[in-house]
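Read the structure below first, then the notes.
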Amino acid sequence: MDSYLQAMFAERIGGARFGKDTTIYKFEKIKRAKAAARKAKPGVELIDMGVGEPDDKAFPQVISTLAIEADKLENRFYADNGCQEFKVAAAKYMKELYGVDLNPDTEIVHSIGSKSALSLLPSCFINPGDITVMTVPGYPVMGTWTKYLGGEVVNLPLLKENGFLPQLETLTADQRKRCKLIYLNYPNNPTGASATPEFYDKAIAFARENNILLVVDAPYAPLNFKGSPLSILSRPGGKEVAIELHSMSKGFNMTGWRLGWVAGNADAVKAFATVKDNADSGQFLAIQKAAIKALGDQANITPAICAKYSRRLQALVETLRELGFDANMPEGSFYLYVQIPKGVKGGMRFANAEEFSQWLITEKLISTVPWDDVGHFVRFSATFVAPTLEEEKRVLDEVKARLSDSVFEF
Ligand SMILES: Cc1ncc(COP(=O)(O)O)c(C=O)c1O
């Protein structure tokens, strides 16, 4: 029998139906398929290209700084929205890498990762009936919270023919009027596309014209393979209409450390700090101080991470192209997003990406993430575990050998 709590759950999480839904969602299906494949072929290595986080730990100088700082009495306190040194270090880094000038007192606040910032920002702006524009496929957190608060989400598709950039001009007059937030994410998960300065300039003009705040989710910004890393805040007028979310997760191998920062428009940063102050008490000061070390030493950290994923992605692109896939080198992130084949010669037909992804796990023991929101694509992540160059080559050769056993039809 259900406890009385069953009747108490809020509608935003399903109300009285909470926990009763038997639909199995994408990531649970992948988890189950992986477990089944491991059981069916216990002697065969499962190559995990489904993971969205770096395969290595933080750099030694960062880990040793954490050890020293964790032992200091003065770092035991709630950090709240403080730690001035971290804000100063983030401002210096933003100048060094992106050419952006920021006032650490008013234009930067730390966050417990980009995800946490995305969950808090709607509380700063969204009243019932207000609109947040999200891009699909994509990372849904800000849209989910918008809906929790009674707002509406309008999804704009990221299409290959548009370079995976949304067409803001397709929003209707009513949507433009009610829209308060537009979510952009570049380099993009899952497409691997980067924004261009021209696109950011257009988005800035659109936001200004329609009184909208651009929320640019930029955890992959340092992982850039083409030209220089780009911040919307470096574009003219960027700071008037945008905030950008940065993270230690991807470009510094510090995913589990949970640290990032929100930068840009001072009013938006202030509102974020106010809501954040009512949600968490800040990240452990020793972690912030270790991150200062990482930011100051970025030239010895991020380029090495970038080179590794670029090398792996190049190899994957070559393999997939040889097999007939329309695979192109991504511009940033660690993801390769490719259209699925229709089937394999003399075998399976794939109605959608989920079926292809299941087949890859079951038959080839290669785990990917399927995306069926806009077309049918799978995302290969270059974050498979391979601690040495030899090991990396072995895994990539193994992927090639396993896939080359099949003839794909497109
Ligand atoms: C697009 C996007 N935004 C945000 C995040 C979360 O980043 P963080 O670790 O900084 O919370 C991820 C993580 O996968 C992501 O892909």
Side-chain angles (χ1 to χ4, degrees), residues 26-27 30 48-58 62 86 90 93 108-122 132-146 155-156 158 164-166 181-195 214-224 229-232 243-263 272 276 279-280 282-284 287-288 290-291 294-295 302 305 309 330-337 368-369 371 373-374 377 379-383:
K26 184 163 81 178
F27 288 98
I30 295 171
D48 200 341
M49 296 198 172
V51 189
E53 44 191 289
D55 57 303
D56 210 349
K57 62 184 177 185
V62 182
F86 178 74
Y93 168 82
I108 296 183
V109 171
H110 89 277
S111 69
I112 300 186
S114 183
K115 185 176 191 176
S116 168
L118 290 167
S119 74
L120 296 172
L121 281 165
T132 292
V133 168
M134 298 293 295
T135 54
V136 279
Y139 194 73
V141 174
M142 198 167 87
T144 305
W145 275 90
T146 294
N155 287 322
L156 287 183
L158 299 181
F164 299 114
L165 299 168
L181 303 174
I182 293 179
Y183 172 84
L184 300 171
N185 161 229
Y186 294 100
N188 183 256
N189 174 11
T191 67
S194 280
L214 302 173
V215 177
V216 181
D217 186 18
Y220 300 95
L223 300 181
N224 179 69
L230 176 65
S231 162
I232 196 166
I243 49 169
E244 202 164 62
L245 314 186
H246 288 266
S247 173
M248 301 304 293
S249 289
K250 320 281 176 172
F252 292 91
N253 290 353
M254 292 169 71
T255 319
W257 297 49
R258 311 311 303 134
L259 185 62
W261 65 93
V262 174
F272 171 73
K276 180 185 172 300
D280 65 60
Q283 184 50 277
F284 182 29
I287 288 182
Q288 296 197 45
L295 292 172
T302 307
I305 297 174
Y309 292 125
E331 292 164 313
S333 81
F334 27 57
Y335 304 122
L336 177 59
Y337 186 69
T368 58
V369 175
W371 293 89
D373 311 65
V374 178
F377 292 78
R379 189 194 79 181
F380 289 86
S381 181
T383 54

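Note that ligands are numbered from 1 as they come in the structure, with each ligand's atoms numbered from 1 the same way.
- Inclusion of Lys115 in the set of residues having an N or O under 3.5 Å from an N or O of ligand 1 is warranted.
- Between the side chains of Ser333 and Asn189, no donor N or O sits under 3.5 Å from an acceptor N or O.
- Ligand 1 has no N or O atom lying under 3.5 Å from any N or O atom of Tyr335, backbone or side chain.
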Side-chain donor-acceptor contacts of residues 133-146 below 3.5 Å, not counting sequence neighbours, with atom names and distances?
residue	atom	partner	partner atom	Å
Thr144	OG1	Pro140	O	3.2
Thr146	OG1	Thr132	OG1	2.8
Thr146	OG1	Met142	O	2.7

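- In Lys26, the NZ atom is crowded: over 12 heavy atoms of neighbouring residues, nucleotides or ligands sit closer than 6.0 Å.
- Judged purely by atom type and a 3.5 angstrom limit, Gln288 uses its side chain to pair as donor or acceptor with the backbone of Gln283.
- At least one N or O atom of Arg258, backbone or side chain, sits closer than 3.5 Å to an N or O atom of ligand 1.
- Scanning Met142, Glu53, Met254, Lys250 for the heavy atom closest to atom 13 (C) of ligand 1 points to Lys250.
- Taking only nitrogen or oxygen atoms, main chain and side chain alike, Ser116 does not reach within less than 3.5 Å of ligand 1.
- With a heavy-atom cut-off of 4.0 Å, Trp261 does not touch ligand 1 at all.
- Between Tyr186 and Asn224, the side chains place no donor N or O within less than 3.5 Å of an acceptor N or O (distance only, hydrogens not considered).
- Ligand 1 has an N or O atom lying under 3.5 Å from an N or O atom of Asp217, backbone or side chain.
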